[in-house]
Amino acid sequence: MTKRVWVVIGITLLLSACSNNPSTDFFHAQNDAKEIETLEKILEKEESTSESLSVFFDHQLVVAVQVQPLSKFQKSKIEKRLQKKVEKEFPNHEVLVSSDLKIMWELKDLVKKDPNDKALKKTLKDIQALAKEET
Amino acid sequence: MVNQSRMLEFSTKPAIVSTAIAAGPLEKQSVFHSYFDIIYEDERINQDTNEKGHAQFIEDTCTLAVRKAGLQKSDIDVLLSGDLINQMTPTNFAARELAIPFMGMFSACATSVSSLITASVMIESNLMEHVLFGSSSQHNAVERQFRYPIEYGAQKPPFGQWTVTAAGFGVLSHAQEDRPYVKSATIGKVIDCECTDPLDMGSAMAPAAFDTIQSHLQENKDEASYDLVITGDLGKTGFAILKELMKKSGVDSYPVKLFRDAGAEFYGNKSEFKSGASGAGCSASVFYGPIYGDILSKKLKKVLFVATGALLSPLSFQQGETIPCIAHAVEIWID
Amino acid sequence: MIVSTIIAFIVGGLICVIGQLLFDVAKLTPAHTLSLLVIVGSILDGFGLYEPFIDFAGAGATVPITSFGNSLTHGALQEAEKHGFIGVLTGMFEVTSSGISAAILFGVIGALIFKPKGNV
Amino acid sequence: MDAKSYQPIVDQIAPKRPVLRNCFAAFFVGGIFCAIGQIFSYLYMYFFNFTERTASNPTVATMVFIAMLLTGFGLYKKIGQFAGAGSAVPVTGFGNAVISAAIEHKSEGWVLGVGSNMFKLAGSVIVYGVFSAFVVALIKTILVKMGVIAW
């Protein structure tokens, strides 16, 4: 079945160091509101994140999170914590949570370009590889 | 005639017949630049290494000194000189070009006076007619050997000094009418007050200067007063310490009209030179340039040159040694 | 973006102030100071403190020389995690190679092009 | 004139290093170098495929390149005179140490001069960086193998 593209663009609060309700946006290729809520619930609870962007695509879920500048010390802890939580909620999905700015930019490009399914799958694969790269 | 005191007295009045001073491009900023005979535009004088430039520097100055004395190179019996580079290679290579009998001398920055003292002894002994003496230093060659590469961004402390690119040479002959002559001299002892910072030469050399000045002035305290006692390259820091030492020990009560320091005055009060100038070239160029000129014009009749030198090597510093220093004094009169 | 550049400015400045204090107060030579900072960098990474510090300060932590010690230790530890004790040796320059290779490369190129100028 | 009575005179008269002024200068210039580094890492992230973690490698290389230009044109020693540690602690300082030694010793020939003198100043940084990394990694591996701490 063709996946209809449905885009929710929330207001991204750039300098939201003080306000603790992080803005969350979703680029959802499946028409399944329930999944978005569970994900939104998890991300909302994490108050030290300022911005996040998640992309669903048949059993692949990439979440890019931006941590507030002052609490960047725990950046890797936050990333691991979110990764566990999201994996628990979406066992059948291949989940990647990354707090890297580059991943956020890539996902934003992805949302802007709004590619067809095949290109979407490939870029998601590239982004996951990029996140794992060490040197 | 040498009496039992440390001071050497010269009775035949060996006269400094002529002097020549050359300086590098940076020395245009010196307060004494009008007294320099040659000022080069390039620190290396278009040679391909600093040391070659340094050797060329020395050769040109020596040739000029000999010409100003109205002599030929063949008339010179010996060249007494030295510089700060390892084994004095620039002076050796200059002596090779000059083809004058050569005896290398090393007292670090005090070579300018130690070479004059040795020359006076040779003339006094009547074995020689004309002796070429002097010393020189080149900023780049000295900095890269003793401290850091030229382009390295090290920060000079406020007591740091700037090595001068200059050379001062003179010809010493038998007594001559209205020519400054060497009256007496005191050869310095090596004094080590356990200073260890190679960037702070001034305070390391001050005690050596003090010791030589005290010894020399003590033996002349009932003579006529000195018009000027000038030290070599203590710099603003070292000179202030020397004055303090003299005040504490009462040496400044001896009959001396004026105490000055070549290093402190060389660059005037420009802040980027920190505590002023240092290097064998500094004492040589100031003693045998402006001060020699004042004596020649009889503005000054009785002057004491005290050149100071730090006898360390890059190795001795790394092996944790302290810095021993020496200062030689020579008294110049004119009738 | 601007906030993390400002943080990098402040943190980088503070590390340099520490270096300056070592210069002036402790009267160490530049070589001693830099060696000490590199050792501090690698010890911090031993305690796992330097990676979050880089996350926090960004270039403020990677530009100063302490990051050199950190990336050496980090490479060694990562390799040691996989291969045990031998990994400590093999992983040393795993993470950082750009600093030294760039320095050598540009050193030779610099020697080719430039000549030391001595004036003030 | 012995050392013990002489040293207090020196400490009293010799001009002190302007520590406060040096610290501000070091803070300012060091901060600028790191801010430039941050901007470069953003550029590398934006135009090339580097993540925040991996962008430090090309940034360091670029900073060393800048150090070469500044050293070559004789500007680095002026910055160093003003900033002190502010120009020595960042990786540009390491680059300057290597490059100034290389440029300086070209007159002794390429192999004996540049080759053997290049790391005259910066060699100790690499040696003690590697040695301390080895010791730290060894200790941590031993502790982990004994189960005292986790990775």
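Numbered from 1 within each chain, the chains take letters A, B, ... in sequence-line order.
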message: If we ignore hydrogens and angles and just use 3.5 Å, is the side chain of C/S67 paired with the main-chain N or O of C/V63 as donor and acceptor?
response: no
message: Tell me which of these, C/D24, C/I65, C/V38, C/I7, has more heavy-atom pairs under 4.5 Å with chain D than the rest.
response: C/D24
message: Counting only heavy atoms not in D/F48 (residues, nucleotides, ligands), do more than 12 fall under 6.0 Å from its CZ?
response: no
- prompt: Which one, C/E51, C/H74, C/Q20, C/K115, leads in non-hydrogen pairs under 4.5 Å with chain D?
  reply: C/Q20
query: More than 12 non-hydrogen atoms from neighbouring residues, nucleotides or ligands closer than 6.0 Å to CD1 on D/I149, yes or no?
result: yes
statement: Bottom line for C/A57: the part with an atom under 4.5 Å from chain D's heavy atoms is backbone
message: Once ring pair (Phe, Tyr, Trp, His ring centres under 6.0 Å) is applied, what residue pairs with a partner in residues 72-121 of chain D remain, sequence neighbours excluded?
response: C/F114-D/F73
- prompt: Quick one: of D/G74, D/A137, D/A35, who has the most non-hydrogen atom pairs under 4.5 Å with chain C?
  reply: D/A137
field: Engaged part of C/L22 at the chain D interface, taking heavy atoms whose separation is under 4.5 Å
entry: neither
- line: Counting heavy-atom pairs under 4.5 angstrom with chain D, the leader among C/L77, C/I113, C/I109 is C/L77
Chain D contacts, top residue of C/G48, C/S98, C/A8, C/A102 (heavy-atom pairs, under 4.5 Å): C/S98
message: Taking side chain as everything from C-beta outward and backbone as N, CA, C, O, which of these in D/Y42 sits under 4.5 Å from a heavy atom of chain C? Side chain, backbone, both or neither.
response: side chain
task: Counting only heavy atoms closer than 4.5 Å, note whether D/V114 contacts chain C via side chain, backbone, both or neither.
output: side chain
statement: With chain C, the option among D/P58, D/S41, D/A26 that has the most non-hydrogen atom pairs under 4.5 Å is D/A26
- prompt: How many angstroms lie between atom OG1 of C/T62 and atom CZ of D/R53, to the nearest 0.5 angstrom?
  reply: 12.0 Å
message: Would you call the rings of C/F93 and C/F68 parallel, tilted or perpendicular, taking 30° and 60° as the class edges?
response: tilted
task: Name the region of D/A83, side chain, backbone, both or neither, that has any atom closer than 4.5 Å to a heavy atom of chain C.
output: backbone
message: Has D/S100 got a side-chain atom pairing as donor or acceptor with D/N96's backbone, closer than 3.5 angstrom?
response: yes
field: Contact winner vs chain C - D/G37, D/A61, D/G72, heavy-atom pairs under 4.5 Å
entry: D/G72
- prompt: Using non-hydrogen atoms only, which part of D/K16 is less than 4.5 Å away from chain C: side chain, backbone, both, or neither?
  reply: neither
- prompt: Checking heavy atoms, do the side chain of D/I36, its backbone, both or neither come under 4.5 Å from chain C?
  reply: neither
- request: Starting at CG of C/D55, measure out to CD of D/E52 and round the result to the nearest 0.5 Å.
  value: 7.5 Å
- prompt: Checking C/I104 against chain D: side chain, backbone, both or neither under 4.5 Å from a heavy atom?
  reply: both
- line: Heavy-atom nearest pair, D/I79 first then D/V29, reads CG2-CG1, 4.0 Å
- request: Inspect the surroundings of CZ in D/F131 and state if more than 12 heavy atoms from other residues, nucleotides or ligands are less than 6.0 Å away.
  value: no
message: Counting only non-hydrogen atoms closer than 4.5 Å, does C/L37 touch chain D with its backbone (N, CA, C, O), its side chain (CB onward), both, or neither?
response: side chain
- request: Quick one: which of D/V60, D/V98, D/V144, D/T141 has the most heavy-atom pairs under 4.5 Å with chain C, could you say?
  value: D/T141
- line: Closest non-hydrogen atoms of D/A133 and C/L72, given as atom of the first, atom of the second and distance, are CB-CB, 3.6 Å
message: Taking every non-hydrogen pair under 4.5 Å, which of D/N22, D/V19, D/V91, D/I142 racks up the most with chain C?
response: D/N22
task: Hey, could you give me each pair passing ring pair (Phe, Tyr, Trp, His ring centres under 6.0 Å) that has a residue in residues 21-63 of chain C? Not counting sequence neighbours.
output: A/F73-C/F56, C/Y50-C/F53
task: Could you tell me which of D/I126, D/L121, D/I39, D/T62 has the largest number of non-hydrogen atom pairs under 4.5 Å with chain C?
output: D/I126
- prompt: Looking at C/A61 and C/T66, what are the two nearest heavy atoms and their distance?
  reply: O-OG1, 4.3 Å
- request: Could you tell me which of C/G58, C/S4, C/G87 has the largest number of non-hydrogen atom pairs under 4.5 Å with chain D?
  value: C/S4
- prompt: Of the backbone (N, CA, C, O) and the side chain (C-beta and beyond), which part of C/V11 lies under 4.5 Å from a heavy atom of chain D, both, or neither?
  reply: neither
- prompt: Highest number of heavy-atom pairs under 4.5 Å with chain D: which of C/G69, C/S97, C/A76, C/A80?
  reply: C/A80
